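Proteins come first, then strands; the chains are lettered A, B, ... in the order of their sequence lines, and each starts at number 1. The analysis underlying the following values was restricted to heavy atoms, covering all of them including side chains, and did not include hydrogens, waters or symmetry mates. All figures in this text were calculated on a predicted structure; none of them were measured in a lab.
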2 protein chains.
Amino acid sequence: MLDRVSGTLRQHGYRITPQRKAVLETIARAGGYLAPSEVYERVRRKHPSIGLATVYRTLDVLKSLGVICEILAAGDVRTYTLGAPDHHHHLICSGCGRVTDFITRGLEELQQRLELESGFAIEGHVLEFIGRCPDCRSGSMG
Amino acid sequence: MLDRVSGTLRQHGYRITPQRKAVLETIARAGGYLAPSEVYERVRRKHPSIGLATVYRTLDVLKSLGVICEILAAGDVRTYTLGAPDHHHHLICSGCGRVTDFITRGLEELQQRLELESGFAIEGHVLEFIGRCPDCRSGSMG
DNA sequence: CTTACTGCAAAGGATTTGCAGTTAA
DNA sequence: TTAACTGCAAATCCTTTGCAGTAAG
């Protein structure tokens with residue numbers, strides 16, 4: 001994975017730096033979605049001198065290359081995970097904020113209908129469900 | 001409309017103030033979606049002394065009562081329009097930012113499937129399509 | 001070597017909060 | 001009368017930017 005991303009970075013004239021590797025590995029290892037501040041905290045464990053600005057800049061680069069995907073969740077938090085957008089959707093817990101992905105089809109038809117009816121050239125979509133995850137339903141978290 | 005909302009406000013122990021009326025009327029008259037700063041600018045034309053904080057506070061109140069609906073659009077802009085969420089979805093122009101609503105069904109089935117598969121108690125959803133509107137497709141806006 | 005990248009600190013923009021005065025009910 | 005509301009200014013929070021030094025290629 002790192003090899004592939006390194007290639008992508010190089011192809012676009014970006015350099016491979018320890019900071020970029022660390023950010024990417026952190027997101028990859030997390031599995032779920034991390035906010036910039038969370039990425040920062042985790043990267044700092046191994047790489048204490050990294051600056052928050054570098055994390056933001058790295059997230060921008062990786063996002064612009066499609067290496068990571070940003071979700072526009074409720075509560076104005078940006079979070080990031082590995083992978084390109086649009087291939088999956090999100091199920092967000094209103095209790096703990098955890099994000100689960102799901103895949104669905106059928107949006108293509110809807111998209112076609114919308115293009116016809118609205119005249120838009122549709123480029124992408126966001127589909128998020130918000131609810132309470134099993135843990136938060138049973139637990140004492142509110 | 002204002003009467004209905006006044007009733008709602010009163011029922012919840014909120015007072016009817018000129019500022020709240022002005023914010024509500026501004027959003028109602030706009031038809032589309034307004035960011036807090038846009039609401040503020042427009043309200044100021046008729047009500048020059050209003051403060052931005054009051055606009056934010058009013059938006060919070062109206063949103064919490066379901067009188068207005070907030071969309072979580074790309075680019076980290078919050079915008080508001082009349083009406084409760086979840087009854088419609090959004091088609092957002094990536095050129096000019098204008099938002100069009102659409103209504104669709106079929107998400108209920110998907111929701112049921114997700115509840116079964118994930119164990120979530122789903123409370124709501126967001127469905128947004130992003131694309132270029134007819135004006136921006138034909139015009140010179142990029 | 002060259003120039004992209006980094007860390008730091010300062011700047012920026014959006015939203016929230018504290019407070020004393022005001023006003024709806 | 002009285003408690004919710006307001007405007008203002010300051011405070012917060014998140015993100016971006018300027019800069020001089022560092023390091024990838």
Side-chain angles (χ1 to χ4, degrees), chain A residues 2-3 5-24 26 33-65 67-68 70-80 97, chain B residues 2-3 5-24 26 33-65 67-68 70-80 97:
Chain A
L2 209 152
D3 287 349
V5 175
S6 297
T8 306
L9 284 167
R10 241 180 254 117
Q11 276 168 38
H12 290 261
Y14 293 109
R15 293 179 179 172
I16 320 296
T17 67
Q19 291 88 340
R20 286 181 179 162
K21 281 193 210 169
V23 166
L24 180 62
T26 297
Y33 288 77
L34 297 179
S37 60
E38 292 168 330
V39 174
Y40 176 59
E41 283 311 322
R42 295 188 187 202
V43 171
R44 251 145 69 95
R45 293 179 201 157
K46 297 251 172 167
H47 201 303
S49 68
I50 198 173
L52 182 54
T54 297
V55 170
Y56 275 101
R57 286 186 282 228
T58 302
L59 292 173
D60 282 349
V61 169
L62 295 177
K63 178 182 145 195
S64 74
L65 296 177
V67 172
I68 60 173
E70 178 187 82
I71 86 160
L72 320 159
D76 304 315
V77 251
R78 298 186 204 175
T79 61
Y80 298 85
Chain B
L2 208 153
D3 287 348
V5 175
S6 296
T8 306
L9 284 167
R10 243 180 252 113
Q11 278 168 38
H12 290 262
Y14 294 109
R15 292 179 179 171
I16 320 296
T17 67
Q19 291 90 340
R20 286 181 179 162
K21 281 192 209 169
V23 167
L24 181 62
T26 297
Y33 288 75
L34 297 178
S37 60
E38 292 169 329
V39 174
Y40 176 59
E41 282 311 321
R42 295 188 186 201
V43 170
R44 252 147 70 93
R45 294 178 199 156
K46 297 250 170 166
H47 201 305
S49 69
I50 197 173
L52 182 55
T54 298
V55 171
Y56 275 101
R57 285 186 283 228
T58 302
L59 293 173
D60 281 348
V61 169
L62 295 177
K63 179 182 145 196
S64 73
L65 296 177
V67 171
I68 60 174
E70 177 187 83
I71 86 159
L72 319 158
D76 304 315
V77 249
R78 298 185 204 177
T79 61
Y80 298 85

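Taking all atoms of both residues into account, the shortest heavy-atom contact from A/Ala22 to A/His47 is CB-CD2, 4.5 Å. The shortest heavy-atom contact between B/Gln19 and B/Thr54 is CB-CG2, 4.0 Å. Residues B/Tyr80 and B/Glu70 approach most closely at OH-OE2, 2.8 Å, considering heavy atoms. Closest approach of A/Val39 and A/Val55 over heavy atoms only: CG1-CG1, 3.9 Å. Across all non-hydrogen atoms, the minimal contact from A/Ser6 to A/Ile16 is O-CD1, 3.5 Å.
Spacing between atom CZ of A/Arg44 and atom C1' of C/dG7 amounts to 12 Å, rounded to whole angstrom units. Rounded to an integer number of Å, the gap from CG of B/Leu59 to P of C/dA14 is 14 Å. Atom CZ in A/Arg20 sits roughly 15 Å away from atom P in D/dA23 (whole-Å rounding). For B/Lys21 and D/dT6, the NZ to P distance is 12 Å, given to the nearest whole Å. Whole-Å rounding puts the B/Arg78 CZ to D/dC14 P distance at 12 Å. B/Asp60 has its CG atom 9 Å from the P atom of C/dT17, to the nearest Å. Counting to the nearest Å, the P atom of D/dG25 and the NE2 atom of A/His12 are 15 Å from each other.
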- Message: Using a 4.0 Å heavy-atom cut-off to protein, can you give one letter per nucleotide of nucleotides 19-25 of chain C, 5' to 3': B if the base is in contact, S if only the sugar-phosphate is, - if neither?
- Response: ----BBS
- Query: Between A/Leu9 and A/Val67, is a side-chain contact (heavy atoms from CB on, under 4.5 Å) present by the stated rule, with each step listed?
  - Reply: CA-CA 10 Å; A/Leu9 284 167; A/Val67 172; over 6 Å; no
- Message: Working note: A/Thr8 + A/His12, criterion side-chain contact (heavy atoms from CB on, under 4.5 Å); need CA distance, chi angles, decisive distance, verdict.
- Response: CA-CA 6 Å; A/Thr8 306; A/His12 290 261; 4.1 Å; yes
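Residues from residues 45-52 of chain B that place a heavy atom under 4.0 Å from any atom of DNA chain C, listed by number: B/Leu52.
Taking 4.0 angstrom as the limit, B/Gln19 places a side-chain polar atom (N or O) nearer than this to OP1 or OP2 of D/dG7.
Within the 3.5 Å criterion, the main-chain N or O of B/Arg15 finds a donor-acceptor partner in the side chain of B/Arg20.
Qualifying side-chain hydrogen bond (donor to acceptor under 3.5 Å, both in side chains) partners for B/Tyr14, counting only residues two or more places apart in sequence or in other chains: none.
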